[in-house]
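In what follows, a structure is listed as structure tokens, so that the remarks can point back to it.
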Amino acid sequence: MRKQRPRVSEEEHVVLQFRPRGRGGLPRHRPPANAADARSPDKADHQSPRRPSHDQPDDFSHRMLANTAAMAFTIALIAIGLWLAKNIADLRTIQDCAQMGLRGCAHISTPPP
């Protein structure tokens with residue numbers, strides 16, 4: 001038996017040119033040389049909050065406060081997760097004991113006489 005190859009025409013083989021995009025997929029362009037002179041006085045210099053300009057000092061105290069808040073939130077989430085895992089494990093142990101038909105599975109605290 002002879003292998004049959006699919007018929008391929010030259011039009012099916014097309015090589016596409018790869019053109020990488022710029023940063024963030026935005027077109028690359030440079031402002032004109034006289035862009036500083038062309039600014040209108042009614043437009044305020046708007047700096048992105050994520051990219052501070054080099055001429056403004058870094059707000060160290062605000063950054064440290066944000067880092068402290070993030071760390072406290074992370075520690076609280078970890079503590080709640082550990083507490084929840086412990087309670088689920090205890091409930092599973094009590095449930096397994098009760099399903100085996102044993103009595104006195106749950107510890108009931110009684111006040112001293």
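These numbers come from a predicted model, not from an experiment. One-based numbering along the sequence shown.
Across T74 and A70, no two heavy atoms sit closer than the pair OG1-O, 2.8 Å. Closest heavy-atom contact between A98 and C105: N-SG, 3.5 Å.
Taking CG of D59 as the reference point, atom CG of L65 lies at 9.5 Å (rounded to 0.5 Å).
With a 4.5 Å cut-off between side-chain heavy atoms of Ile, Leu, Val, Met, Phe, Trp and Tyr, the cluster of L91 takes in none.
Each side-chain hydrogen bond (donor to acceptor under 3.5 Å, both in side chains) pair with one or both residues in residues 89-98, not counting sequence neighbours, appears once here: K86-D90.
Looking at T68, N67, I75 one by one, the single match for side-chain contact (heavy atoms from CB on, under 4.5 Å) with M71 turns out to be I75.
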